[in-house]
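The first residue in the sequence is number 1, and the count goes up from there. What you see is a predicted model; the values in this text were computed from it and never measured.
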Amino acid sequence: MRPYDAFLLISFGGPEGEDEVIPFLENVTRGRNIPRERLAEVGEHYFLFGGVSPINQQCRDLLAAVTADFESAGIDLPVYWGNRFWTPMLIDTLEQMKKDGVRRVLAVPTSAYCNWSSRTAYLEDIDRARAALGEGAPEIDLVRPFYDHPGFVDPLAEYTRDALDRLPADQREGVRLLFSAHSIPTEMAERSGPPGGTYGPAGAYGDQLHEVARLVVDRLDREYPFEVVYQSRSGPPSQPWLEPDVNDRMEELAGEGVPAVVVVPHGFVSDHMEVKFDLDVEARETAEKLGIGYQRALSPGTHPAFVSMITDLVREYTGRAEQQRLGELPPCAMGQCSC
C-alpha cells in the first residue's frame with residue numbers, strides 16, 4: 001500500500017458574496033492583463049446569483065458524501081479541501097496539513113479531462129504551493145484523468161435520460177443531444193495530446209470529450225443524434241478557440257428544423273457558475289428566442305456513483321482495486337497525453 005496519510009480535494013474556488021466577486025476574478029486572471037471593464041462584465045454573471053458561486057457549497061457537499069463513503073469502505077484518511085483561486089486557498093490547506101503532520105497526500109481535482117487548464121495548471125499550482133511552504137511540505141499525487149471512469153459516465157447517462165424525459169414526446173422524437181464543455185484555445189487543445197486523433201484535430205481533450213459523449217449515448221434507450229459543442233470562451237477574437245459555440249450551433253440546428261436540444265454539461269463535474277449562467281441563462285434564452293425546446297442535464301455533482309468513483313480511485317492508488325476504465329482511448333498515464 002502506498003503510504004498516503006490524507007486525501008485532498010482541489011477545486012477552482014468561487015466568491016460567496018458580492019464583495020468577493022472582483023477580487024476572485026482578479027485572482028483568476030492575474031498576469032493576463034485583463035481590463036477591469038471585462039472583469040466587471042463577467043462579474044455581472046455572479047451578481048445575478050447574489051455574488052455567490054455554487055462551486056464552494058458543491059465542494060462541501062461532495063466532501064461530506066466522500067467522507068461518509070470512505071467510512072463505509074474502511075478508508076481511514078483525513079479529508080482536506082483547497083482551492084486554486086479562492087478560500088480555502090490551496091497553500092493555506094497545505095500549510096494546515098504540514099502542521100497536522102501530513103506527509104503524503106492523494107489528491108482529486110474537480111476536473112475530469114486532460115489539458116493544461118484542467119490538469120497541468122493544477123500540478124503547477126501544487127508545485128508552487130509546496131515550494132512556498134519549503135521543507136516539510138506534503139508530497140502530493142494527483143489522480144489520473146477520470147473522464148472514462150464509469151462513476152463519471154453513468155451519472156451523465158442517468159441525468160441525460162431524465163432531461164429527455166422532460167421533453168414533450170413530439171420534441172423528443174427529433175431532439176439533438178449537445179454535449180457541452182469548456183472551450184479552450186485550439187493551440188492548447190493540440191498540446192493536450194496528438195492532434196488529428198480518433199475524433200478530430202482537438203487533441204486528447206477533444207478525443208476524450210467525444211468519447212464520453214459516445215459512451216453516454218450508448219447507455220440511452222436508443223441512438224440519438226449527438227455532437228460536442230463548446231461554451232465559456234474568454235479569449236480575444238483573434239485567437240482561435242474550439243468550436244462550435246453552443247449558442248451558434250443551436251441557431252444552425254433551429255434553421256435545419258431540429259425541434260429541441262438537450263444540453264449535457266459533460267465537460268464539468270458539478271453545476272457551477274459556467275453551467276448555471278452559460279447554459280441555464282444564456283443558452284436557454286437562445287433556445288427561447290429560436291422557438292425550440294430546451295432541457296439541460298445535470299452534471300455528476302454528488303451522485304452516489306460519482307462519490308463512489310472517488311473512493312474507487314483511492315483504492316486504485318493504494319493498490320486495493322483494479323483500474324476501472326471505459327471506452328477505447330489510450331490512458332493518459334501511458335504518455336499519450338501531455339498531462
Side-chain angles (χ1 to χ4, degrees), residues 4-34 36 38-40 42-43 45-47 49-67 77-112 115-143 182 232 234 268-276 301-302 310 339:
Y4 297 114
D5 50 8
F7 170 85
L8 172 63
L9 181 71
I10 306 179
S11 193
F12 197 83
E16 296 190 277
E18 292 189 352
D19 59 330
E20 297 181 357
V21 171
I22 297 302
F24 161 72
L25 293 174
E26 289 173 339
N27 281 352
V28 174
T29 60
R30 182 167 288 118
R32 292 165 54 188
N33 297 318
I34 305 297
R36 190 170 182 83
R38 174 57 181 161
L39 296 184
V42 175
H45 303 176
Y46 291 88
F47 295 140
F49 298 88
V52 179
S53 168
I55 195 168
N56 278 358
Q57 187 57 49
Q58 289 163 359
C59 285
R60 295 185 186 101
D61 294 342
L62 180 59
L63 283 170
V66 165
T67 299
L77 289 178
V79 173
Y80 293 84
W81 165 36
N83 288 327
R84 296 176 58 207
F85 296 111
W86 203 246
T87 54
M89 297 293 291
L90 179 60
I91 188 170
D92 296 332
T93 300
L94 295 192
E95 184 176 17
Q96 184 61 53
M97 285 180 161
K98 181 178 176 179
K99 291 177 181 177
D100 293 344
V102 172
R103 292 293 175 260
R104 189 90 186 275
V105 181
L106 185 63
V108 171
T110 54
S111 179
N115 65 68
W116 181 86
S117 63
S118 63
R119 184 164 180 86
T120 308
Y122 281 78
L123 294 169
E124 292 177 355
D125 285 347
I126 289 170
D127 287 345
R128 277 192 291 268
R130 293 189 69 248
L133 287 178
E135 185 176 354
E139 297 181 14
I140 299 176
D141 288 343
L142 195 67
V143 300
H182 201 300
S232 311
S234 59
F268 309 95
V269 303
S270 67
D271 290 353
H272 53 59
M273 185 58 70
E274 286 172 323
V275 174
K276 300 295 287 184
T302 55
I310 295 177
C339 61

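For the atom pair L77 CG and T67 OG1, the distance stands at 10.5 Å (nearest 0.5 Å). With values rounded to the nearest 0.5 angstrom, D92 atom CG is found 12.5 Å from M97 atom CE. Annotation: the span from R84 atom CZ to M89 atom CE amounts to 10.0 Å, rounded to 0.5 Å. Note that NE2 of H45 and OG of S53 are 13.0 Å apart. Values are rounded to the nearest 0.5 Å. The line from OH of Y80 to CG of D100 is 3.5 Å long, rounded to the nearest 0.5 Å. Rounded to the nearest 0.5 angstrom, L90 CG and I140 CD1 are separated by 6.0 Å.
By the 4.5 Å heavy-atom criterion applied to side chains, D5 and P78 are not counted as neighbours. In this structure, T93 and I10 have side chains that are not in contact, with every pair of non-hydrogen atoms separated by 4.5 Å or more. Counting heavy atoms from C-beta on, the side chains of L25 and V21 come closer than 4.5 Å. In this structure, S270 and T110 have side chains that are not in contact, with every pair of non-hydrogen atoms separated by 4.5 Å or more. In this structure the side chain of E26 reaches within 4.5 angstrom of the side chain of R36, judged on heavy atoms. Annotation: side chain of K276 is in contact with side chain of D271 (closest heavy-atom distance under 4.5 Å). Using a 4.5 Å heavy-atom cutoff, the side chains of W116 and E124 are in contact. The closest side-chain heavy-atom distance from F12 to H272 is not below 4.5 Å.
In this structure, the side chain of N115 engages the main chain of S117 through a donor-acceptor pair within 3.5 Å. Listed for the K98 side chain is a donor-acceptor partner under 3.5 Å among the backbone atoms of L133. In terms of modelled atom types and a separation under 3.5 Å, the side chain of Q58 and the main chain of G301 share no donor-acceptor contact. For the pair R119 (side chain) and L142 (backbone), a donor-acceptor distance under 3.5 Å is present.
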side-chain contact (heavy atoms from CB on, under 4.5 Å) between L9 and C59: does it pass, once the steps are laid out? CA-CA 8 Å; L9 181 71; C59 285; 4.1 Å; yes
Using the rule given for side-chain contact (heavy atoms from CB on, under 4.5 Å), can you reason through W86 versus E16, listing the C-alpha separation, both sets of side-chain angles and the distance that settles it, and then say yes or no? CA-CA 10 Å; W86 203 246; E16 296 190 277; 5.6 Å; no
Could you walk me through whether V269 and L62 satisfy the side-chain contact (heavy atoms from CB on, under 4.5 Å) test, starting with their C-alpha distance in whole Å, then the side-chain angles of each, then the deciding distance to 0.1 Å, before giving a yes or no? CA-CA 11 Å; V269 303; L62 180 59; over 6 Å; no
Given the rule in the side-chain contact (heavy atoms from CB on, under 4.5 Å) test, do N56 and W81 qualify, once you have shown the distances and angles that lead to the verdict? CA-CA 10 Å; N56 278 358; W81 165 36; 3.6 Å; yes
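When each of V105, L106, I126 is tested with D141 by the rule side chain to side chain contact (heavy atoms under 4.5 Å, CB included), just one qualifies, namely L106.
Between F85 and F24, the distance separating the two ring centers is not shorter than 6.0 angstrom.
In this structure, S11 and I55 approach most closely via the heavy-atom pair OG-CD1, 3.5 Å.
In this model, a donor atom of one side chain and an acceptor atom of the other lie less than 3.5 Å apart for D61 and Q57.
Note on R130 versus D127: no salt bridge recorded, every NZ/NE/NH1/NH2 to OD/OE distance being 4.0 Å or above.
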